Amino acid sequence: QVQLVESGGGLVQAGGSLRLSCAPSGRTFSGRSMGWFRQAPGKEREFVAAISWSGGSTYYADSVKGRFTISNAKNTWYLQMNSLKPEDTAVYYCAGKRLGDYSGNYYYQDDYAYWGQGTQVTVSS
C-alpha cells in the first residue's frame with residue numbers, strides 16, 4: 001500500500017541539482033516529522049535527512065551536509081539536492097512518522113511508520 005509518493009528523480013551529471021518531492025496519497029499528512037532515506041545497489045538503506053513536525057529543526061547525514069536541504073511547504077516535503085556526486089546515486093525514499101510523534105529520533109528506519117516506494121536518482125561522473 002502506497003501512503004507517500006516521491007517524485008523528481010532522474011539522471012543528472014555530477015555537480016547538477018535535483019529536487020525531490022514527497023506527497024501523501026489518499027489521506028491528509030500534515031503535522032508530521034518526515035525523513036528521506038536512500039539505498040544504493042548492494043548497500044543498506046541509509047538515513048539522508050529529516051525535518052521535525054513543525055519544520056523548525058532539520059537533520060542531515062554527514063555525507064550530504066551543505067549540499068542537500070529538506071523542507072516542507074503546502075503539505076509537500078522536499079529534498080533539494082545540489083552539487084550531486086556519483087555516490088549519491090540511489091533509490092530515494094520518503095518516510096513519515098506517526099501523527100503526534102514529536103520524538104527526536106530520526107536516523108533509523110524504525111523511527112518511521114509510512115513509506116513511499118522510492119524514486120531513482122542517478123548521477124553520472
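Here the structure is a predicted model, which means the values were calculated and not measured.
- Formation of a donor-acceptor pair under 3.5 Å by the T119 side chain with backbone atoms of G9 is found in this model.
- By the side-chain contact (heavy atoms from CB on, under 4.5 Å) test, Y102 pairs with W53, sequence neighbours left out.
- Minimum heavy-atom separation, P24 to N75: CD-O, 3.7 Å.
- Among residues at least two apart or in separate chains, there is no disulfide (SG to SG under 2.5 Å) pair with a member in residues 28-82.
- Applying the salt bridge (Lys or Arg N to Asp or Glu O under 4.0 Å) test to every pair with at least one member in residues 48-72, sequence neighbours left out, gives these pairs: D62-K65, R67-D88.
- Residue M34 comes nearest to C22 through the heavy atom pair CE-SG, 3.8 Å, listed as atom of the first residue, atom of the second, then distance.
- Put simply, CZ on R19 and OG on S7 are 8.5 Å apart, with the number rounded to the nearest 0.5 Å.
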> Hey, mind stepping through L11 and Q120 against side chain to side chain contact (heavy atoms under 4.5 Å, CB included) and telling me if it holds?
Replying inline: CA-CA 8 Å; L11 174 64; Q120 177 71 48; over 6 Å; no
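- In this structure, the separation between OG on S33 and CG on N105 is 10.0 Å, given to the nearest 0.5 Å.
- Within the model, atoms OG1 of T58 and CZ of F68 stand 14.0 Å from one another, a figure rounded to the nearest 0.5 Å.
- Scored by the side-chain contact (heavy atoms from CB on, under 4.5 Å) test, A50 finds F47, Y59, Y106, Y112 as partners (sequence neighbours excluded).
- Residues satisfying the side-chain hydrogen bond (donor to acceptor under 3.5 Å, both in side chains) test with E46, not counting sequence neighbours, are R38.
- Remark: side-chain polar atoms of D101 are not paired, donor with acceptor, to backbone N or O of R98 under 3.5 angstrom.
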> Is there a side chain to side chain contact (heavy atoms under 4.5 Å, CB included) between W36 and L20 once you walk through the steps?
Replying inline: CA-CA 10 Å; W36 288 93; L20 306 184; 3.7 Å; yes
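- Distance NZ/K97 to CD1/I51: 12.5 Å, rounded to 0.5 Å.
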Please tabulate, one pair per line, all N/O donor-acceptor pairs under 3.5 Å involving side-chain atoms of residues 77-86, not counting sequence neighbours.
unit_1, atom_1, unit_2, atom_2, d
Q80, NE2, N82, OD1, 3.0
N82, OD1, S17, OG, 2.9

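- Rounding to the nearest 0.5 Å gives a distance of 5.5 Å between CD of E6 and SG of C94.
- Across every non-hydrogen atom of Y60 and I70, the tightest pair is OH-N, 2.9 Å.
- Taking the six-membered ring for Trp and the full ring otherwise, F37 and W115 have centroids separated by under 6.0 Å.
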